[in-house]
Amino acid sequence: MLPQTTIANSVTVDGPGLFSGEPARLTFRPAEPDTGIRFQRSAGDVRADIPALIDNLLERPRHTCLRNGSLRVETVEHCLAALAGLGIRNTVISVESDAEGSGEGFSGELPMVDGSSRPFVDAVLEAGVQEQAGTVEPLIIRQPVQVAHGDATLAALPGPTDHLEILYQFEDEGPDGTGVVGRQTKFFKLYPPYAGKGTADDFVEQIAPARTFIFEHEAEELRRRGFGKHLTPRDLLVIGKDGPVENAYRFEDELVRHKILDLIGDLSLVGRPLCGRLVAYKSGHGLNHRLARQLLLQRQSDARSAMLDRTDAAMDVRAIQRILPHRFPMLLVDKVLEIDGDQKAVGVKNVTFNDIYFQGHYPGTPIFPGVLIVEAMAQLGGILLSRKLEHTGKLAVLLSMDRVKMRTPVVPGDQLILEARAVRVKSRTGHMRCKAYVQDKTAAEADIKFMLVDAEPVV
């Protein structure tokens with residue numbers, strides 16, 4: 001467990017946006033424990049709070065963009081890398097930008113400053129780091145995960161449980177295949193929050209100053225499309241056939257260091273510190289985002305598996321029978337593992353070959369009927385609805401199903417983990433978002449709506 005931290009005072013960073021060139025202002029503010037990293041944007045009367053989480057990602061070329069409704073924050077990766085490198089867990093970041101809205105929403109670019117994380121690091125260190133009450137649990141990589149696109153690969157592997165190791169190999173022939181860049185390899189350890197100055201693994205000195213880069217022919221193409229017209233080679237690391245144009249490297253291997261910087265910023269979208277080992281070859285933002293999603297799925301799977309080992313179930317079958325009218329063979333929730341108020345419930349259905357359904361579905365190839373998976377999810381949703389005081393004595397009757405998908409076959413021997421989350425609950429209706437899992441795979445999902453009716457007394 002790691003300490004929660006925020007900044008001690010508010011601090012501001014100004015500068016033009018990378019693509020638009022429009023003035024932008026970024027203000028870091030202290031935040032309460034468990035707030036996380038949150039961006040705030042406004043455009044006219046529209047305001048949005050945008051948590052820095054992978055669920056809010058909007059896929060964009062060449063950078064990382066987060067979105068809530070019509071409001072966006074663009075090029076957040078360098079800022080996020082600074083916060084991750086310094087171990088900041090909680091801060092609210094307001095973004096003021098003059099960038100115009102488009103059909104996809106209102107853009108809010110962060111200041112480019114010098115194209116690295118160092119200006120954001122300096123601002124946060126100027127504001128001061130303050131330790132807070134409570135702790136945050138790191139996401140420890142327990143199982144190998146790999147994503148790939150073409151010849152680019154990115155793998156997360158089990159490794160150290162108290163810090164993150166990164167081995168990155170960057171390779172590019174450069175403009176026109178001249179080989180001006182060649183191959184750069186860097187091994188770096190990111191400690192929470194970071195190692196002291198002067199060490200090989202000091203994020204502030206070794207990674208944060210590495211600037212974003214672009215090849216000369218790519219820069220010309222972007223300018224033709226109307227992007228970055230305000231920039232000169234002095235503002236951005238532009239690489240030509242003879243090396244940096246009107247500029248110089250800060251490190252001999254500055255390109256691979258910046259790739260590590262982007263990787264740290266993008267993977268911070270899992271919402272917690274990472275511990276383990278990363279091995280990357282030519283990875284970019286797209287692969288970084290895919291790995292972040294896979295790591296979250298793995299963590300959720302591990303959490304569900306841990307629930308199965310618990311002996312303190314929230315409800316056994318006898319308690320379930322006092323709520324649901326279903327009986328053999330239609331009672332499809334064996335026990336409820338966890339109930340979070342009236343917002344979330346997790347249950348389990350043990351699938352055995354003795355279940356009556358397998359006599360005819362299908363002889364020789366037993367598969368648990370998909371309609372019964374949906375029924376099991378609906379029953380768990382009915383249990384969750386019963387948590388509302390006003391629904392005591394009410395029976396949840398299926399009203400409609402939307403977005404129903406069968407993902408993975410369920411067979412005898414599987415443990416079907418059911419999850420129901422409340423979307424909206426009123427006096428006469430309920431809306432649940434339900435999923436069913438087998439180990440780390442999604443078996444089914446559906447949006448289920450109920451009508452709440454008076455339960456008839458059992459004669």
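For the numbers below, each heavy atom of this structure counts, side chains included, while hydrogens, waters and symmetry mates do not.
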Taking only residues two or more places apart in sequence, or in another chain, which ones meet [X] in a side chain to side chain donor-acceptor pair (under 3.5 Å)?
X	answer
Asp162	none
Asn247	Arg211
Glu246	none

So Gln143 and Asp302, side chain to side chain contact (heavy atoms under 4.5 Å, CB included) or not? Walk me through it.
CA-CA 10 Å; Gln143 300 175 22; Asp302 291 343; 3.8 Å; yes
Of [options], which is the lone residue that meets side-chain contact (heavy atoms from CB on, under 4.5 Å) with [X]?
X	options	answer
Asp266	Leu57, Asn288, Leu80	Asn288
Phe28	Ile93, Ile37, Ile88	Ile93
Glu445	Glu419, Arg407, Met377, Arg403	Arg407

Any chance the side chains of [X] and [Y] put a donor and an acceptor closer than 3.5 Å?
X	Y	value
Asp34	Gln4	yes
Thr91	Thr6	no
Arg25	Thr12	no

From CA spacing to verdict: side chain to side chain contact (heavy atoms under 4.5 Å, CB included), His258, Leu237
CA-CA 11 Å; His258 186 79; Leu237 188 57; over 6 Å; no
For [X], check salt bridge (charged side-chain N to carboxylate O under 4.0 Å, His left out) against everything at least two apart and list the hits.
X	answer
Lys435	none
Arg142	none
Asp45	none

Carefully, step by step, assess Glu59 and His289 under the rule side chain to side chain contact (heavy atoms under 4.5 Å, CB included).
CA-CA 9 Å; Glu59 295 290 352; His289 299 151; 3.9 Å; yes
Over all heavy atoms of both residues, which pair between [X] and [Y] is shortest? Give the atoms and the distance, please.
X	Y	result
Ile54	Ala292	CD1-CB, 4.0 Å
Ile373	Ala444	CG2-CB, 3.7 Å
Leu452	Ser427	CD1-O, 3.9 Å
Cys434	Ile448	SG-CD1, 4.1 Å

In terms of ring plane angle, is the pair His217 and Phe215 parallel, tilted or perpendicular, where the classes change at 30° and 60°?
parallel
Are [X] and [Y] close enough that some pair of their side-chain heavy atoms sits under 4.5 Å apart?
X	Y	result
Glu338	Lys344	yes
Asn56	Pro51	yes
Thr185	Leu167	yes

Do the side chain of Tyr168 and the main chain of Ser283 share a donor and acceptor less than 3.5 angstrom apart?
yes
With a 6.0 Å cut-off on the ring centroids, do His63 and His78 count as close?
no
Could you check whether Glu205 pairs with Arg118 (Lys NZ or Arg NE/NH1/NH2 to Asp/Glu carboxylate O, under 4.0 Å)?
yes
Can a salt bridge be assigned to the pair Asp114 and Arg250 using a cut-off of 4.0 Å between side-chain N and carboxylate O?
yes
Would Ile239 and Leu255 count as a side chain to side chain contact (heavy atoms under 4.5 Å, CB included) if you check the C-alpha gap in whole Å, the side-chain angles of each, and the deciding distance to 0.1 Å?
CA-CA 10 Å; Ile239 301 172; Leu255 307 191; 3.7 Å; yes
